[in-house]
**Q** 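I am attaching a structure below and will ask some questions about it afterwards.
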Amino acid sequence: MKRITIAIDGYSSCGKSTMAKDLAREIGYVYIDSGAMYRAVTLYCLEQGLFHGDEVDTERLKDALPDLNVSFRLNPETGRPQTYLNGRLVENDIRTMAVSSKVSIVAALGFVREAMVRLQQQMGREKGIVMDGRDIGTTVFPDAELKIFVTASPEIRARRRFDELQAKGEPGSYEEILENVKERDRIDTTRTVSPLRKAGDAVELDNSHMTIPEQKEWLLAQFRKAAE
Ligand code: DC
């Protein structure tokens, strides 16, 4: 079997990360959550007071970006990768509603995307990688041997995110989350730089009514086909 690059793109909260992580563990590949990188930059902007309402102080962010270090290290207990911002563990801080409601704004900035895409391409130089995001099959790895495009209805995605937050003991209203999911879909698909879209050669997976084991089987079959 050859070592390949696997690009998993799709809408927010449709379970991309869980499936990408599980697949990577199963086949012994590196997993990179590209959304976590945009979230880490957003956390930085919030902490440094670079937001003025829904506007980002782009001049200050441009100055700061070259020194911002976003990296992933494995949690020794769970074996799962965790996100670090300038050496600080921010895995939980980047998943709050505060970050979720601002991240699309940061992810729409061309200079931020350029910097993140460069980093992502470096991380994938050796292949043997599963990366999930919005533009992985179209922009980051247009030559990836396996591209998956995941979809699920907004209501199902909002329910999943709501359950996730509840499990963590974080308050959140289903209606608010549903609005956030729809708003992010709108921004992600209509932005001028690298909008979310299915690559021509991507395989589509609508997992609205699929169980995790069913999804896993489907993915492994796709992997075997692409890597043989
Ligand atoms: O997958 P996620 O919800 O953690 O992504 C967070 C945000 O980052 C989301 O609004 C879309 C954006 N994103 C992006 O524009 N490009 C990527 N490759 C990954 C995420």
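As a basis for the values below, the full set of heavy atoms in this structure was taken, side chains included, without hydrogen atoms, waters or symmetry mates. The first residue of the sequence shown is numbered 1, and numbering continues consecutively from there. First listed ligand is number 1; within each ligand, the first listed atom is number 1.
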**Q** Which residue pairs pass the salt bridge (charged side-chain N to carboxylate O under 4.0 Å, His left out) test when at least one of the two sits in residues 107-118, sequence neighbours left out?
**A** R113-D135
**Q** Run the salt bridge (Lys or Arg N to Asp or Glu O under 4.0 Å) test on R88 and D93 for me, step by step, so that the C-alpha distance in whole Å, both residues' side-chain angles and the decisive distance to 0.1 Å come before the verdict.
**A** CA-CA 11 Å; R88 173 166 65 104; D93 296 349; 3.6 Å; yes
**Q** Name all residues meeting the salt bridge (Lys or Arg N to Asp or Glu O under 4.0 Å) criterion together with D185; count only those two or more places apart in sequence or in a different chain, and write none if there are none.
**A**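 So D185 forms a salt bridge (Lys or Arg N to Asp or Glu O under 4.0 Å) with R157.
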**Q** If you measure from the Lys or Arg side-chain nitrogens to the Asp or Glu carboxylate oxygens, is any gap between E26 and K216 under 4.0 Å?
**A**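 A salt bridge links E26 with K216.
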**Q** Distance-only criterion, 3.5 Å: show the donor-acceptor pairs between side-chain atoms of residues 71-78 and protein atoms not counting sequence neighbours.
**A**
residue: N75; atom: OD1; partner: E77; partner atom: N; Å: 2.7
residue: N75; atom: OD1; partner: T78; partner atom: N; Å: 3.3
residue: T78; atom: OG1; partner: R80; partner atom: N; Å: 3.2

**Q** With a cut-off of 6.0 Å (strictly less than), are more than 12 heavy atoms of other residues, nucleotides or ligands near OH of Y11?
**A**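 Counting other residues, nucleotides and ligands, OH of Y11 stays at 12 neighbours or fewer.
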**Q** Near ligand 1, which protein residues have a heavy atom under 4.0 Å away?
**A** S34, G35, Y38, R39, V103, S104, A107, R113, G133, R134, D135, I136, R184, D188, R191
